[in-house]
Student: 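Sharing a structure here in structure tokens format.
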Amino acid sequence: PIEAMNVVLLTIVLVIATFLWRGITTWQAVQKCLHCCGPLGLLTQWYTIMFIGIGVLVARTFYDIVVFEYWKYDFLIDGSIKSGYIDGMSDQEVEALHITPWLRVFSLMAPVFGFLSAFVVAEHVAAIVKASARDSMHKWERASPRLSRRPLLWSLDKETNMVLTVVAMPIVFILMAMRAEVRAWAVMTGSCWAPYVNGANTTLAKWEEVKTLELSVYTGDVEMCGFFVYITIFCFGRLCASYLRDAPKEYQFALKWAGLQGVYLYVIFGMLRSLGNVAAAIASVNPRYAYLSAVIQDKFLTEIGPIFTAATILCVYNMLIIGGMSDIKAKLGNVNMKFQGVRFLVLVAQVQLMALKGLTVGSKLYLAAEQLPPKYASTVHEWHLSTYRAQLMHAALLNYECFLVVLWQRCLWGSKVLYKVDARELPEEMLEESARGEADGDTLKQRLLPAVPQGRGCA
């Protein structure tokens, strides 16, 4: 569990460091230095560093699943805990931890879809970067033979950087969903207890402590799924605002800081909610901090719930209004369809687990369903969804749902579309250099042909 928690912290540090590096590389002087190093110009870009780092973690997680769940535990055929394996465990808990045959197959297939999603995201990002590089090279070749400075091929404009953030962030979601599923398997198969079986370490830990620690890591993984999607929503809002540069400055300022207040409020309280859930889960592991965990859950998270609901409604309303503006639709097409694709991951990360737990045996909904006529009550009695199985099903569903969202984005965010504010203009330094060398006084813009079609469909 400690190693698993370190992966979460490593992912957070990697994403933060990547975003800081992205800000630094927006300076032309830095990009010129990077492009002087040949292939390192591409390898040192923020998107390359992020995909190498997150890609290694995704590959390592999938490798562990193949080695342990697929190979060592023989696809979990005998993975359920047997009576007597853990001292003091009741038969009721053994039954609740049992992985049913259909859930076993369903959960084991999920990482495959998660791994495929990572490949689709990587291909999508590479296609957008290559399209931007081809456009820069084409304009450099068409500009003038007197241009001696080669273009900064791998340097992206502000808008394309934000588009890449929206397109690339699901790979972090995939990593967290896969690791959450591993934690659920560790508890339900009892593999997390293996270091304490027939050894001196048995006296150093209790099953409840080990299980609570594993499930706290599970909660951290699931909540981090939503946390990183909130970052994506923030970038999406800023991307929409950036396409209003032709408007007067006061209108740009008003939209950026007032018109997007619903989006900002939704992102801020969503992040606070995710961090609060992570803090409560970690605090619950140590008995000394059990009271702190209860305070976070009963006071902070309970009070923030209604505010977050209001922020959600305001965010959706904001995006409906902004998405109808002609300047934004001209560059992004159906803005609301793209926004809902991003927001869908947040919704399933927040609501899905609560809905599944509401259907578990012993829940209020289950007890109410037992009062139905006998012909319906028999179906209810055959329903064996425990809290543990609901958690495993949730983590597995996140992999499938992320795969669908990635395909959705691959179609909506075309890779042959230029997302720059003015996709036909040369970089500023090229315009200045060409202007010095042109004797006939003609401007470059009148001589250029569009390098990339301005469509909005699938690439």
Student: Verify the distance criterion only: is there a donor paired with an acceptor across the side chains of Arg22 and Thr165 at less than 3.5 Å?
Tutor: yes

Student: Is it the case that the ring center of Phe234 lies less than 6.0 angstrom away from the ring center of Tyr264?
Tutor: yes

Student: Which pairs pass ring-ring contact (aromatic ring centres under 6.0 Å, His included) with one or both residues in residues 297-338, sequence neighbours excluded?
Tutor: Tyr266-Phe308

Student: For residues 269-276, run the donor-acceptor check on the side chains, cut-off 3.5 Å, and write out each pair with its distance to 0.1 Å, sequence neighbours left out.
Tutor:
from, atom 1, to, atom 2, distance (Å)
Ser274, OG, Gly270, O, 3.2

Student: Is the shortest side-chain heavy-atom distance between Leu314 and Gln261 below 4.5 Å?
Tutor: no

Student: Which pairs, with at least one residue in residues 225-235 and sequence neighbours excluded, count as a salt bridge (Lys or Arg N to Asp or Glu O under 4.0 Å)?
Tutor: none

Student: Describe, in one word, how the ring planes of Tyr400 and Phe113 are oriented to each other, choosing from parallel (under 30°), tilted (30 to 60°) and perpendicular (over 60°).
Tutor: tilted

Student: For Tyr70 and Phe75, take the angle between the two ring planes, folded into 0 to 90°, and tell me which bin it lands in: parallel under 30, tilted 30 to 60, perpendicular over 60.
Tutor: parallel

Student: When the ring centroid of Tyr47 is compared with that of Phe51, is the distance short of 6.0 Å?
Tutor: no

Student: Is the backbone N or O of Trp413 less than 3.5 Å from a side-chain atom of His124, with the two atoms forming a donor-acceptor pair by type?
Tutor: yes

Student: Using 30° and 60° as the class limits, which term best fits the ring planes of Trp102 and Phe106: parallel, tilted or perpendicular?
Tutor: tilted

Student: Find the distance between CG (Leu9) and CE (Met224) and round it off to the nearest 0.5 Å.
Tutor: 9.5 Å

Student: Which pair of heavy atoms, one from Val405 and one from Gly341, lies closest together, and at what distance?
Tutor: CG1-O, 3.4 Å

Student: How far does CG of Leu40 sit from SG of Cys33, to the nearest 0.5 angstrom?
Tutor: 12.5 Å

Student: Atom CG of Asp157 and atom CE of Met162: how far apart are they, to the nearest 0.5 Å?
Tutor: 8.5 Å

Student: Should we say atom CE of Met137 is surrounded by more than 12 heavy atoms from elsewhere, each under 6.0 Å from it?
Tutor: yes

Student: So how far is it from Phe227 CZ to Met176 CE, rounded to the nearest 0.5 Å?
Tutor: 12.0 Å

Student: Going through the distances and angles, do Arg60 and Asp64 end up as a salt bridge (charged side-chain N to carboxylate O under 4.0 Å, His left out)?
Tutor: CA-CA 6 Å; Arg60 172 58 190 274; Asp64 289 342; 3.1 Å; yes

